[in-house]
Amino acid sequence: MLILALFAGAIMGGLGGGLLVLFDILASSGDPDAFTGWGGPAGYAAMPIIYGTVCGMFLGLFPGAGSFIALSILDRNRPAAWGNRQAMVGGVGAAIGGILPAFFVVWIMGVELSGGLVVGAVFILVCFVIGLVVLKGILRFLDKQDSVVHNAL
């Protein structure tokens with residue numbers, strides 16, 4: 001589960017880092033001296049993607065751990081829960097686990113910035129959605145494997 005959280009965090013961080021510089025690259029594409037210190041547009045675009053990937057992996061640990069803990073609690077209380085319930089509990093656990101990184105993001109951006117709270121709320125929502133979708137996909141894959149094994153016997 002934590003490996004999936006690292007993978008999802010790396011993808012989201014890389015995409016976020018790329019989106020951060022996309023508009024700047026497009027706006028500065030006509031100026032030949034805009035990227036001289038960065039080794040060209042490729043170097044200018046690569047640094048935020050690299051930093052975003054590393055930060056995304058770090059930020060993905062908390063929602064992944066929250067999802068794992070929530071699923072462990074569900075398994076302890078209701079061992080035979082339905083797949084949709086497991087996915088929902090995993091998504092809620094990811095959202096709860098995403099609260100701490102969301103506070104960190106809001107703190108870095110500054111509370112005075114009204115967009116900081118929106119970014120924190122969107123981060124928690126994205127944690128929930130990714131946790132829900134990933135767990136539904138895993139459970140669907142496991143159900144297909146179980147049906148193939150059952151039909152083979």
Side-chain angles (χ1 to χ4, degrees), residues 1-27 38-39 41-151:
M1 188 67 180
L2 291 177
I3 292 174
L4 287 174
L6 285 174
F7 185 65
I11 290 172
M12 295 301 291
L15 289 174
L19 289 175
L20 284 174
V21 296
L22 179 66
F23 296 112
D24 192 29
I25 288 175
L26 293 176
W38 292 89
Y44 184 76
M47 293 313 289
I49 292 172
I50 292 169
Y51 288 140
T53 301
V54 172
C55 291
M57 287 176 70
F58 173 71
L59 293 176
L61 279 175
F62 294 101
S67 180
F68 181 76
I69 291 169
L71 287 171
S72 298
I73 292 170
L74 177 70
D75 186 48
R76 188 171 170 203
N77 293 338
R78 294 179 184 235
W82 291 95
N84 286 336
R85 184 180 184 102
Q86 288 178 352
M88 184 64 72
V89 167
V92 170
I96 291 171
I99 291 174
L100 182 65
F103 281 145
F104 178 71
V105 168
V106 169
W107 177 65
I108 292 294
M109 291 183 70
V111 179
E112 299 84 23
L113 184 63
S114 62
L117 295 175
V118 173
V119 169
V122 167
F123 181 79
I124 292 171
L125 181 67
V126 166
C127 288
F128 171 75
V129 170
I130 289 176
L132 180 75
V133 169
V134 166
L135 283 171
K136 276 192 178 244
I138 290 171
L139 292 171
R140 189 174 299 132
F141 176 74
L142 291 175
D143 285 342
K144 285 181 183 177
Q145 277 190 333
D146 287 343
S147 67
V148 168
V149 170
H150 183 41
N151 290 336

Exercise for review: Check Gln86 against Leu135 and note the closest heavy-atom contact, atom names and distance.
Suggested key: O-CD1, 4.1 Å

Check your understanding: Out of curiosity, Ile124 CD1 to Phe103 CZ, how far, rounded to the nearest 0.5 Å?
Key -> 6.5 Å

Point to revise | Flag, side chain of Ser67 to backbone of Ala94, donor-acceptor distance under 3.5 Å | key: no

Point to revise | Minimum-distance pair of heavy atoms, taken over all atoms of Asn84 and Lys136 | key: OD1-NZ, 3.0 Å

Check your understanding: Just how far is it from atom CG of Leu100 to atom CZ of Phe104, taken to the nearest 0.5 Å?
Key -> 9.5 Å

Point to revise | Smallest separation among heavy atoms of Pro101 and Phe123, with atom names | key: CB-CE2, 3.6 Å

Practice item. Would you give the length of the straight line joining atom CG of Leu132 to atom SG of Cys127, rounded to the nearest 0.5 angstrom? Key: 12.5 Å

Check your understanding: Quick one: CG on Asp143 to CD1 on Ile138, what's the gap to the nearest 0.5 Å?
Key -> 12.0 Å

Practice item. Grab the two heavy atoms, one from Val89 and one from Leu71, that are nearest each other, plus how far apart they are. Key: CG1-N, 4.3 Å

